Student: 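My structure is below; once you've seen it, I'll send some questions.
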Amino acid sequence: MTDSDNSSIPERKRGSGVKMVYDLLRDEILDLVLPPGSPIDEAQLAERFKMSRTPIREALVRLAGEGLIDTLPNRSTMVSNIDFINMNTYFDALVLMYRVTTRLAAQHHRTEDLQVIRARQAEFAAAVQAQDALAMIATNAALHLAIAEAGRNSYFTGLFKRLLDEGRRILRLYYQSYDDRLPQRFVDEHEDMIAAIAARDAEEADRLARVHAEQIVHQIQMLFSRDRRLDIAL
């Protein structure tokens with residue numbers, strides 16, 4: 001890991017100790033700034049963040065608890081590898097959360113929820129237009145979490161957030177595979193889902209969410225398949 005100038009640390013996060021280190025390292029890991037297998041050195045981090053090793057270690061314990069870093073038998077620490085072995089079970093859970101949260105939003109949303117959802121969709125569309133991969137990932141998550149919150153089930157919202165966070169590294173690799181150009185149909189499919197939610201058509205919202213999620217999963221599976229080529233219509 002290379003040292004970073006202290007001026008790169010957002011001003012609003014200075015002085016927050018463990019949380020500052022945790023937040024910044026977590027984003028760097030999930031956005032592949034620190035790719036899988038990257039070594040984590042406490043001394044370098046202490047120098048980078050201008051603090052003692054105690055808050056560094058506490059932040060690393062939190063990241064380890066989320067499976068984002070691993071401590072090896074020789075006591076060295078590294079960014080964890082992506083769990084490709086269990087990817088299918090992850091995708092099953094992800095598709096289910098897309099479906100259930102969109103269905104519940106159609107059933108339970110309020111007028112103010114639609115305003116938030118449409119605002120998040122506008123941000124996502126702008127990120128796609130700008131071909132800003134990190135913004136696309138962030139705004140896509142924000143949109144689907146706004147839909148989940150409109151469903152009024154905090155357990156589903158919490159689980160969905162965890163799954164979306166865990167998938168950030170996979171999505172980053174996915175976007176990189178075709179120069180960060182996301183198909184316009186993803187924006188259009190969001191619009192269709194929002195229309196179904198607004199109409200309180202739970203069955204259609206469920207169907208659209210399932211189609212949307214499954215085609216994303218299919219494309220990612222194609223990306224990581226050795227004998228198939230990624231096929232995306234732009």
Side-chain angles (χ1 to χ4, degrees), residues 19 22-23 26-27 30-31 62 65-68 86-130 132-172 174-175 182-221:
K19 185 177 186 303
Y22 165 81
D23 286 343
R26 187 173 186 275
D27 281 343
L30 292 176
D31 294 336
R62 289 185 61 183
E66 295 183 11
L68 292 177
N86 294 312
M87 190 175 287
N88 286 336
T89 57
Y90 167 80
F91 286 146
D92 287 344
L94 185 68
V95 171
L96 179 61
M97 283 300 100
Y98 267 94
R99 293 180 58 194
V100 71
T101 55
T102 308
R103 169 182 280 273
L104 289 177
Q107 294 173 327
H108 303 300
H109 74 267
R110 300 169 184 167
T111 300
E112 58 268 29
D113 295 323
L114 291 178
Q115 295 172 348
V116 174
I117 290 169
R118 286 172 175 142
R120 299 293 84 79
Q121 166 68 351
E123 292 166 355
F124 174 73
V128 172
Q129 181 66 31
D132 184 336
L134 297 184
M136 284 187 268
I137 293 170
T139 56
N140 178 73
L143 168 63
H144 286 289
L145 288 175
I147 291 172
E149 288 170 356
R152 300 291 183 280
N153 188 308
S154 60
Y155 293 100
F156 286 145
T157 302
L159 176 56
F160 200 14
K161 183 180 187 305
R162 174 185 167 188
L163 291 170
L164 289 170
D165 281 346
E166 288 184 12
R168 273 171 61 177
R169 292 199 291 177
I170 297 172
L171 282 179
R172 189 68 193 95
Y174 175 46
Y175 290 179
L182 201 64
Q184 176 63 31
R185 71 170 181 271
F186 287 5
V187 179
D188 298 338
E189 288 171 5
H190 282 171
E191 292 290 349
D192 292 340
M193 283 187 284
I194 293 169
I197 291 169
R200 297 195 182 278
D201 189 339
E203 293 300 324
E204 179 66 358
D206 185 339
R207 186 189 71 80
L208 290 170
R210 179 172 187 167
V211 170
H212 180 68
E214 287 184 344
Q215 61 92 10
I216 294 173
V217 167
H218 176 66
Q219 296 288 3
I220 294 173
Q221 288 172 330

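Quick caveat, the model's predicted, so the values are computed rather than measured. Basis for what follows: all heavy atoms, side chains included, without hydrogens, waters or symmetry-related copies.
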Student: Does the Gln184 side chain pair with the main chain of Gln129, one donor and one acceptor, at a distance under 3.5 Å?
Tutor: no
Student: Can you list the residues that meet the ring-ring contact (aromatic ring centres under 6.0 Å, His included) rule with His109, with sequence neighbours excluded?
Tutor: none
Student: Could you measure the distance from the CG atom of Leu134 to the CZ atom of Arg168? Nearest 0.5 Å is fine.
Tutor: 8.0 Å
Student: Indicate yes or no for a side-chain donor-acceptor contact from Tyr98 to the backbone of Glu214 under 3.5 Å, with no hydrogens or angles considered.
Tutor: no
Student: I need the minimum non-hydrogen distance between Ala105 and Ile147, along with the two atoms involved.
Tutor: CB-O, 3.3 Å
Student: How far apart are the closest heavy atoms of Ala125 and Val187, and which atoms are they?
Tutor: CB-CG1, 4.0 Å
Student: If only atom types and distance count, is the side chain of Asp165 paired as donor or acceptor with the main-chain N or O of Arg162 below 3.5 Å?
Tutor: no
Student: On a heavy-atom basis, which atom in Gly151 and which in His108 lie closest, and how many Å separate them?
Tutor: O-CD2, 3.6 Å
Student: I'd like to check His144 versus Asn140 (side-chain heavy atoms, cut-off strictly below 4.5 Å). Are they in contact?
Tutor: yes
Student: What closest approach, in Å, do Thr157 and Leu145 show between heavy atoms, and which atom pair accounts for it?
Tutor: O-CD2, 3.9 Å
Student: Just wondering, do Arg172 and Leu30 contact through their side chains at under 4.5 Å, heavy atoms?
Tutor: no
Student: Quick one: closest heavy-atom pair of Met97 and Leu163, and the distance?
Tutor: CG-CD1, 3.6 Å
Student: Between the side chain of Arg169 and the main-chain N/O of Glu166, is any donor-acceptor distance below 3.5 Å?
Tutor: no
Student: Can you confirm whether His212 sits close enough to Thr102 that some side-chain heavy atom of one is under 4.5 Å from a side-chain heavy atom of the other?
Tutor: no
Student: Would you indicate whether the side-chain heavy atoms of Thr139 and Val128 approach each other to under 4.5 Å?
Tutor: no
Student: Can you tell me if Gln215 has over 12 outside heavy atoms packed within less than 6.0 Å of its CD?
Tutor: yes
Student: Let me confirm one number: the OG1-CZ distance from Thr101 to Arg152, rounded to the nearest 0.5 Å.
Tutor: 13.5 Å
Student: Is any NZ, NE, NH1 or NH2 atom of the basic residue among Arg207 and Glu203 found under 4.0 Å from an Asp or Glu carboxylate oxygen of the other?
Tutor: no
Student: Would you say the side chain of Leu171 lies within less than 4.5 Å of the side chain of Ile220, judging by non-hydrogen atoms?
Tutor: yes
Student: Evaluate side chain to side chain contact (heavy atoms under 4.5 Å, CB included) for Leu143 paired with Glu123, printing each intermediate quantity in order.
Tutor: CA-CA 9 Å; Leu143 168 63; Glu123 292 166 355; over 6 Å; no
Student: If every non-hydrogen atom of Met193 is compared with every non-hydrogen atom of Ala209, which pair is closest and at what distance?
Tutor: SD-CA, 3.6 Å
Student: Taking the side chain as every heavy atom from C-beta outward, state whether Val100 and Phe160 have any atom pair closer than 4.5 Å.
Tutor: no
Student: At what distance, to the nearest 0.5 angstrom, does CD1 of Ile197 lie from CG of Asp192?
Tutor: 11.0 Å
Student: Could you check if a side-chain atom of Leu114 sits within less than 4.5 angstrom of a side-chain atom of Arg118, using non-hydrogen atoms only?
Tutor: yes
Student: Looking at CG of Asp206 and CG of Leu104, how far apart are the two atoms once the value is rounded to the nearest 0.5 Å?
Tutor: 9.5 Å
Student: Considering only heavy atoms from C-beta outward, does the side chain of Gln221 approach that of Phe91 to under 4.5 Å?
Tutor: yes
Student: For Glu66, give me all partners under salt bridge (charged side-chain N to carboxylate O under 4.0 Å, His left out), at least two apart in sequence or on another chain.
Tutor: Arg26
Student: What distance do Leu159 atom CG and Leu164 atom CG have between them, rounded to the nearest 0.5 Å?
Tutor: 9.5 Å
